[in-house]
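Residue numbers start at 1 and run along the sequence shown. Source: prediction; values computed, not measured.
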Amino acid sequence: MRFAPRSFTDRAGRAVLLRSPEPADAAALLDCLKRTSGETPYLLRDPEEITLTVAQEEAFLQNMLDDPHCGMLVADLDGQILGSASLSMAGPCRRMAHRCDLAIALYRDFWGQGLGRAMMQTLLDTAPTLGYTQAELQVVCHNHTAIGLYKKLGFAECGRLPGYLRYPDGSLADALWMVRPL
């Protein structure tokens, strides 16, 4: 699905455009994913695990635009993509069709500026128009800032996933499964 573009002023007074990414954004989005994956231990992948080609990312982005049940937003500051957030079906079965998964990745330099909240709120506002009645996400247990944001957005903890991530040093991180009725 395609989101209507909207301008958002962050806490630093910068005008950031929230919009759907186009296939032409593929290279910039791959760079963004690699950078954000290297900036935080809270995302699923290490930067070197991001091996999609630009052509594969272009096809993925086009599929996101064409799929009426999924959507992606980017935060665009003067043509630079600062991060992305996505909404997707929780599963392919009818019995799961009321649930959606949300995810977000944002450059560390822009944490705490209100962008993540604006992106997540946009996804939450859109989800019911796509037929969803429940939003879900997983968050690493020691990502207290994100957990605080999600709680402010109305999410509640509903479970803990032990050993959710395994880091290169062998340590493990649990995740919280959080849910919000829409």
Is there a side-chain contact (heavy atoms from CB on, under 4.5 Å) between N143 and Y150? Walk through the geometry before answering. CA-CA 11 Å; N143 188 350; Y150 301 146; 5.9 Å; no
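- Look at R2 and E22 and you find a salt bridge, because one of the NZ, NE, NH1 or NH2 atoms lies within 4.0 Å of a carboxylate O, short of that distance.
- Across all their heavy atoms, L29 and P21 have their closest contact at CD1-CB, 3.6 Å.
- Under a hydrophobic clustering in which Ile, Leu, Val, Met, Phe, Trp and Tyr are joined whenever their side-chain heavy atoms come within less than 4.5 Å, directly or via other members, M72 and F3 fall into different clusters.
- Partners of K151 by salt bridge (charged side-chain N to carboxylate O under 4.0 Å, His left out), not counting sequence neighbours, listed by chain and number: E157.
- The closest side-chain heavy-atom distance from Y164 to L161 is below 4.5 Å.
- Scanning both residues, M89 and P92, for their nearest heavy atoms gives CE-CA, 4.3 Å.
- Cluster annotation: L102 is not connected to V179 through the hydrophobic network of ILVMFWY side chains, with a link wherever side-chain heavy atoms come within less than 4.5 Å.
- Scanning for ring-ring contact (aromatic ring centres under 6.0 Å, His included) contacts around H142 gives Y42, with sequence neighbours left out.
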Quick one: do L182 and L124 satisfy side-chain contact (heavy atoms from CB on, under 4.5 Å)? Show the steps, please. CA-CA 7 Å; L182 298 170; L124 291 168; 3.9 Å; yes
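- Between R180 atom CZ and C100 atom SG the span is 10.0 Å, to the nearest 0.5 Å.
- Judged by distance alone, the side chain of Y132 and the main-chain N or O of H69 form a donor-acceptor pair under 3.5 Å.
- Shown here for A173 and V140, the closest heavy-atom pair between the two residues is CB-CG1, 3.9 Å.
- Side-chain atoms of T36 come within 3.5 Å of backbone N or O of L33 as a donor-acceptor pair.
- Between L123 and A103 the shortest heavy-atom distance is CD1-O, 4.5 Å.
- Of all heavy-atom pairs between L65 and P23, the closest is CD1-CD, 3.9 Å.
- The line from OG of S84 to CE of M64 is 9.0 Å long, rounded to the nearest 0.5 Å.
- The list of salt bridge (charged side-chain N to carboxylate O under 4.0 Å, His left out) pairs with a residue in residues 74-86, not counting sequence neighbours, reads R19-D76.
- Tracing side-chain contacts under 4.5 Å through hydrophobic residues (I, L, V, M, F, W, Y), one never reaches V74 starting from F110; they form parts of separate clusters.
- Taken to the nearest 0.5 Å, the CG atom of L17 stands 10.0 Å off from the CG atom of L77.
- Looking at heavy atoms from C-beta onward, Q138 lies out of side-chain contact with L176 at the 4.5 angstrom threshold.
- Of all non-hydrogen atoms in A146 and V139, the two that sit nearest each other are CB-CG2, 3.9 Å.
- L149 and L137 fall within a single hydrophobic cluster, where Ile, Leu, Val, Met, Phe, Trp and Tyr side chains are chained together by heavy-atom contacts under 4.5 Å.
- For residues 97-118, the salt bridge (charged side-chain N to carboxylate O under 4.0 Å, His left out) pairs, not counting sequence neighbours, are R35-D109, R99-E136.
- Under the 4.5 Å side-chain contact rule for hydrophobic residues, L87 and M178 share a cluster.
- A distance of 11.5 Å separates CE in M120 from CG in L106, rounded to the nearest 0.5 Å.
- Between I50 atom CD1 and E57 atom CD the span is 9.5 Å, to the nearest 0.5 Å.
- Summarising the geometry, atom CD belonging to E58 is positioned 8.0 Å from atom OG1 belonging to T53; distances are rounded to the nearest 0.5 Å.
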Only pairs under 3.5 Å count here: list side-chain donor-acceptor contacts from residues 5-16, not counting sequence neighbours, and write none if there are none.
from	atom 1	to	atom 2	distance (Å)
R6	NE	T122	OG1	3.3
R6	NH2	T122	OG1	3.1
D10	OD1	A12	N	3.0
D10	OD1	G13	N	3.1
D10	OD1	R14	N	2.9
D10	OD2	R14	NE	2.7
D10	OD2	R14	NH2	2.8
R11	NH1	G112	O	2.7

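- Among residue pairs with one or both ends in residues 42-54, none qualify as salt bridge (charged side-chain N to carboxylate O under 4.0 Å, His left out); sequence neighbours excluded.
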